[in-house]
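Remember, predicted model here, so these are calculated numbers, not experimental data. Each residue takes its place number in the sequence, starting with 1.
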Amino acid sequence: MQPYRQGRPAAADAFKLSSNENPAPPHPAVLAAIAEAAATTNRYPDATALAVRERLAARHGVTPDEIIVGAGSVSILAQLISAAAGAGDEVVHAWRSFEAYPGLITVAGAVGVPVALDEEARHNLPAMAAAVTERTRLVIVCSPNNPTGPAVGADEFERFMAAVPADLLVLLDEAYAEFVRADGAVDGATLVRRWPNLVILRTFSKAYGLAGLRVGYAIADRPIIDAARATQIPLSVTGAAQAAVLAALDHEDALLLHVAEIADRRDGVVTALRAQGWAIPQSEGNFVWLATGERTTAVAELLAEAGIIARAFPPEGIRVSIGEAESVGTLLRIAGEVVRTL
């Protein structure tokens, strides 16, 4: 096994565009909530994050018992895989997709069944449905897909759900849902209670700027949530993290203005890169995908030398987060030089 590899750090004079972080600083109210929570650091947090679950339940029209809060959505993903799959079981997922999936599946003792993306770097849902066997316990759908960017369509997702067994657990990983602008994209918030075998995964790391505090959540029928709780590390969501989430939700409108700015910047970068000659997938996340193939490592080093620290996935491509506005000019300059040599 290879351990999960975090995005490469950046020097003080470079742009860290390797981890899909939100470049906007935390909201002052969030910082105040964290400071207030710090005064009770000697006490354990609420193990169930009830206040957060109640807020989210009211938003999504479910009960608090149908929501679980974890140390990032990836931790809940790990809990669900461990709860549902073991030795001899299979987990189907797209590839390339979030690089943590294969490792989490292996840790659970199960076998990953990767299904190649289509020619537009999108999930091939018919092929994923065809890959399901009697040994399959879970299917993971990542929308928008990390690292390539396209979102799954609502219609194709509905056909997919109709095609797979009703007792097969389907995890819809929507870590970048707030950045989606495409008409007709799947929206897990509208699917709650639609299928009893569906789990919606969301995070506060990206759009809400709480990556350093690690908070995510899942919505599903209570038996599934109970199974996830059974495999959860107790007290894994800190009191400061819970307080920060509540403050972020109180000031959501201001935070989502930053999200809109990032989405605008992303769309501009995609347009500019395509004008240079790049075949850029339609990104709905806060990042873009450069298909650099065998030159991936070399191109990543050229970007780094210019002060752009990106995430390289040799020998396939490079994911570049959309960060500060000042980074765009440098990114486009290097990309324009590279595309002529590919």
Side-chain angles (χ1 to χ4, degrees), residues 5 7-8 10 13-23 94-99 114-125 127 142-153 156 176 179-185 206 259-342:
R5 184 169 58 88
R8 180 176 170 181
D13 59 347
F15 295 101
K16 184 174 183 287
L17 307 181
S18 57
S19 295
N20 291 346
E21 297 156 330
N22 190 325
W95 196 254
R96 175 173 289 273
S97 193
F98 183 35
E99 65 269 28
V115 177
L117 301 173
D118 67 17
E119 294 179 353
E120 296 178 340
R122 303 177 71 255
H123 275 53
N124 187 338
L125 291 183
C142 184
S143 180
N145 186 51
N146 174 20
T148 60
V152 170
E156 62 177 333
Y176 304 91
F179 297 93
V180 175
R181 285 184 165 178
D183 292 335
K206 317 299 182 183
V259 171
E261 292 175 4
I262 294 296
D264 284 341
R265 193 171 301 149
R266 172 203 68 205
D267 292 345
V269 168
V270 168
T271 298
L273 289 171
R274 287 175 174 171
Q276 290 178 347
W278 289 93
I280 303 295
Q282 184 54 50
S283 178
E284 298 296 335
N286 63 339
F287 52 89
V288 294
W289 174 252
L290 304 177
T292 45
E294 297 295 335
R295 291 201 58 201
T296 292
T297 300
V299 174
E301 288 305 317
L302 288 174
L303 288 167
E305 290 170 5
I308 299 292
I309 307 303
R311 186 67 175 268
F313 296 94
E316 295 157 278
I318 299 171
R319 187 194 68 197
V320 185
S321 304
I322 302 299
E324 296 83 352
E326 296 79 8
S327 68
V328 173
T330 302
L331 169 62
L332 294 180
R333 177 174 60 81
I334 300 301
E337 295 172 359
V338 168
V339 72
R340 294 191 292 269
T341 67
L342 292 177

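Looking at heavy atoms from C-beta onward, S97 lies out of side-chain contact with N146 at the 4.5 angstrom threshold. Considering only heavy atoms from C-beta on, H123 comes within 4.5 Å of L117 through its side chain. Counting heavy atoms from C-beta outward, T148 and N145 have side chains that approach closer than 4.5 Å. Residues I262 and F179 are in side-chain contact: their nearest non-hydrogen atoms beyond the backbone lie under 4.5 Å apart. Proximity of I308 to I334: side-chain heavy atoms (C-beta onward) are nowhere separated by under 4.5 Å. Side-chain atoms of R181 and D264, non-hydrogen and from C-beta on, do get closer than 4.5 Å to each other. By the 4.5 Å heavy-atom criterion applied to side chains, R311 and V320 are not counted as neighbours. Two residues are said to be in side-chain contact when any heavy atoms from C-beta on lie closer than 4.5 Å; L17 and I309 fail this criterion.
Counting all heavy atoms, side chain and backbone alike, A116 lies closest to N124 at O-CB, 3.7 Å. Taking every heavy atom of both residues into account, A151 and A185 meet most closely at CB-CB, 4.1 Å. When all heavy atoms of A306 and R333 are compared, the pair lying nearest together is CB-NH2, 4.0 Å. Closest approach of P150 and P281 over heavy atoms only: CG-CB, 3.9 Å. What you find for S321 and S19 is that their closest heavy atoms are OG-N, 3.7 Å.
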Walk me through whether K206 and N22 qualify under side-chain contact (heavy atoms from CB on, under 4.5 Å). CA-CA 6 Å; K206 317 299 182 183; N22 190 325; over 6 Å; no
Given the rule in the side-chain contact (heavy atoms from CB on, under 4.5 Å) test, do E337 and Q276 qualify, once you have shown the distances and angles that lead to the verdict? CA-CA 9 Å; E337 295 172 359; Q276 290 178 347; over 6 Å; no
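Between F313 atom CZ and I318 atom CD1 the span is 10.0 Å, to the nearest 0.5 Å. Interatomic distance, OG of S327 versus CD1 of I322, reported as 7.0 Å (0.5 Å rounding).
The backbone N or O of A335 sits less than 3.5 Å from a side-chain atom of W278, completing a donor-acceptor pair.
Under the salt bridge (Lys or Arg N to Asp or Glu O under 4.0 Å) criterion, the residue pairs touching residues 268-287 are R266-E284, with sequence neighbours excluded.
Annotation: salt bridge (Lys or Arg N to Asp or Glu O under 4.0 Å) contacts of E120 (sequence neighbours excluded): none.
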Would you give me the side-chain donor-acceptor pairs under 3.5 Å for residues 287-295, sequence neighbours excluded?
| unit_1 | atom_1 | unit_2 | atom_2 | d |
| --- | --- | --- | --- | --- |
| T292 | OG1 | T296 | OG1 | 2.7 |
| R295 | NH1 | T341 | OG1 | 2.4 |

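The pair E324-R265 fails the salt-bridge criterion, with no side-chain N (NZ, NE, NH1 or NH2) lying under 4.0 Å from an Asp/Glu carboxylate O.
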